[in-house]
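Take a look at the structure below.
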Amino acid sequence: MQPDRGQLRALVRGAYDLQKLRIMMGARIFANFRAKLGLDSSQDQEEDADADVIINALKEEYKLLTEGISRSRRLPDPKTFKGNQIIATYAELVLVHNFLEMLKRETAMFRDFEAVLEEFPIYTTWLRDIRGVGPAMAGVILSEIDIGRSTYPSTIWKFSGLDVADDGRGRSKRKEHLVTRAYKDGDGNDAERQGITYNPWLKTKLLGVLGGSFMRTGSPYADVYYGYKNRITQREAGNAEWSKGRIHRAAIRYMVKIFLLDLHKEWRKIEGLPVSVSYHEGKLGHVHHTDRKAA
């Protein structure tokens with residue numbers, strides 16, 4: 001029986017939806033408790049830099065206030081509740097309780113879909129062993145990419161928004177990178193609108209999460225990053241258009257593209273599908289980085 005990508009996608013998206021909700025809820029709760037914990041005001045960012053400190057402190061205080069409470073009741077009687085310096089009111093206790101329950105459920109969701117990944121041969125024989133790719137990222141990749149429809153590596157690049165637009169720049173949401181799409185309006189009439197050409201959620205996860213994970217874990221793919229970064233730095237020396245930030249983003253994108261190139265080759269081979277080389281190998285005669293290492 002073939003593994004169901006649709007079911008895995010529902011699990012993965014559900015886990016990330018819950019994570020997003022937990023982060024939003026956490027931001028409100030953290031703002032309420034930062035001063036009590038003697039922490040400075042947090043900057044406006046998605047994930048609080050002091051999140052672990054705050055969560056651990058709230059867990060300890062919550063445990064003290066709910067010790068001895070039966071599982072069926074979970075919270076003490078509001079009429080007899082006595083808070084402490086951190087969780088002073090019953091409303092704060094309820095806030096912390098719901099946040100910690102959400103955090104627990106989020107952790108369980110990410111843990112549970114790892115078992116589902118075992119149904120995918122590409123995960124058990126290759127992807128699981130790639131340093132920097134954890135179960136969560138593997139779930140994103142396997143649920144969003146349809147390898148059966150990805151005839152060429154460039155197919156995945158384009159779907160992920162990692163291809164190069166006609167102006168020679170990396171694909172983005174710039175106006176010049178949008179395409180015109182036909183659709184039916186609310187009255188059933190034919191209409192057109194401008195839209196992007198790729199999966200933005202997948203692109204964010206690949207560049208914003210996987211790229212950073214490769215760098216932090218010392219993955220072999222980090223060598224691809226530094227090699228490309230050095231080439232661009234030397235080639236564009238003195239070119240004001242190539243700032244350090246742009247060079248970094250370009251190197252991250254290139255590194256992830258090389259990973260997807262390897263993924264395409266291994267995944268298609270495991271599935272018994274024809275394997276096509278990339279354009280720069282097949283047409284331009286470039287040597288792929290794994291072959292170059294072996295040479």
Side-chain angles (χ1 to χ4, degrees), residues 6-117 134-141 143-144 173 199-213 216-217:
Q7 292 179 0
L8 176 62
R9 190 171 189 269
L11 290 171
V12 173
R13 287 287 188 134
Y16 276 102
D17 285 345
L18 185 59
Q19 182 185 75
K20 183 177 181 179
L21 184 60
R22 188 267 303 168
I23 290 174
M24 292 171 60
M25 185 178 184
R28 295 186 178 94
I29 290 178
F30 295 172
N32 186 66
F33 288 101
R34 293 189 68 83
K36 292 185 178 184
L37 293 169
L39 299 172
D40 295 331
S41 296
S42 176
Q43 296 182 356
D44 184 18
Q45 54 188 19
E46 184 179 73
E47 189 71 271
D48 196 307
D50 296 312
D52 289 340
V53 174
I54 297 173
I55 289 173
N56 290 333
L58 293 180
K59 281 181 178 179
E60 288 298 319
E61 299 301 323
Y62 176 82
K63 183 178 179 181
L64 290 173
L65 293 173
T66 58
E67 205 165 17
I69 304 298
S70 66
R71 182 172 296 183
S72 59
R73 184 174 179 83
R74 296 190 298 176
L75 291 175
D77 189 330
K79 295 179 181 179
T80 59
F81 171 74
K82 291 183 179 181
N84 54 34
Q85 289 184 333
I86 305 300
I87 304 177
T89 68
Y90 196 78
E92 289 180 334
L93 178 67
V94 173
L95 280 172
V96 173
H97 169 76
N98 285 299
F99 173 75
L100 294 180
E101 286 293 309
M102 189 178 294
L103 180 61
K104 187 187 302 182
R105 186 62 196 138
E106 175 195 334
T107 302
M109 287 187 71
F110 276 103
R111 182 185 64 241
D112 291 346
F113 74 63
E114 183 175 3
V116 180
L117 294 175
M137 181 51 60
V140 169
I141 292 169
S143 63
E144 296 293 326
K173 294 181 180 180
N199 182 327
W201 191 79
L202 177 60
K203 181 179 182 179
T204 297
K205 291 293 180 286
L206 290 175
L207 296 184
V209 180
L210 180 61
S213 181
R216 288 193 305 273
T217 60

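When a residue number appears, it is its place in the shown sequence, counting from 1.
- Side-chain contact between Leu75 and Phe81 is absent, with no heavy-atom pair separated by less than 4.5 Å.
- Contacts of Phe99 classified as ring-ring contact (aromatic ring centres under 6.0 Å, His included), with partners at least two apart in sequence or in another chain: Phe30.
- Between the side chain of Ser213 and the main chain of Val209, no donor-acceptor pair closer than 3.5 Å is present.
- The NZ atom of Lys82 sits 16.0 Å away from the OG1 atom of Thr89 when rounded to the nearest 0.5 Å.
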Which pairs would a plain distance check flag for residues 55-63, meaning a side-chain donor or acceptor within less than 3.5 Å of a matching protein atom at least two apart in sequence or in another chain?
| from | atom 1 | to | atom 2 | distance (Å) |
| --- | --- | --- | --- | --- |
| Asn56 | ND2 | Asp52 | O | 3.1 |
| Glu61 | OE1 | Asn84 | ND2 | 2.8 |
| Tyr62 | OH | His97 | ND1 | 2.5 |

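- Nearest approach of Ala136 to Tyr16, heavy atoms of both residues: CB-OH, 3.6 Å.
- Among all heavy-atom pairs drawn from Lys36 and Gln85, the shortest one is CD-O, 3.7 Å.
- The line from CG of Leu18 to NZ of Lys20 is 12.5 Å long, rounded to the nearest 0.5 Å.
- In this structure, Leu117 and Leu8 have side chains that are in contact, with non-hydrogen atoms separated by less than 4.5 Å.
- Contact annotation: the side chain of Met25 approaches that of Ile29 to within less than 4.5 Å [non-hydrogen atoms, C-beta and beyond].
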**Item:** Evaluation steps, side-chain contact (heavy atoms from CB on, under 4.5 Å), between Leu37 and Val53
**Value:** CA-CA 9 Å; Leu37 293 169; Val53 174; 5.8 Å; no

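- Of the possible polar contacts, one joining the Tyr90 side chain to the Pro76 backbone as a donor-acceptor pair under 3.5 Å is found.
- Annotation: the span from Leu210 atom CG to Thr204 atom OG1 amounts to 12.5 Å, rounded to 0.5 Å.
- Summarising the geometry, atom CG belonging to Leu93 is positioned 9.5 Å from atom CG belonging to Asn98; distances are rounded to the nearest 0.5 Å.
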**Request:** Please step through side-chain contact (heavy atoms from CB on, under 4.5 Å) for the pair Ile87 and Phe33, ending with a clear verdict.
**Result:** CA-CA 8 Å; Ile87 304 177; Phe33 288 101; 4.2 Å; yes

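- Side chains of Phe113 and Met109 form no contact here, defined as non-hydrogen atoms less than 4.5 Å apart.
- For the atom pair Ile141 CD1 and Lys205 NZ, the distance stands at 12.0 Å (nearest 0.5 Å).
- Residues meeting the salt bridge (Lys or Arg N to Asp or Glu O under 4.0 Å) test with Arg9, sequence neighbours left out: Glu144.
- Distance CD1/Ile86 to CG/Asn32: 10.5 Å, rounded to 0.5 Å.
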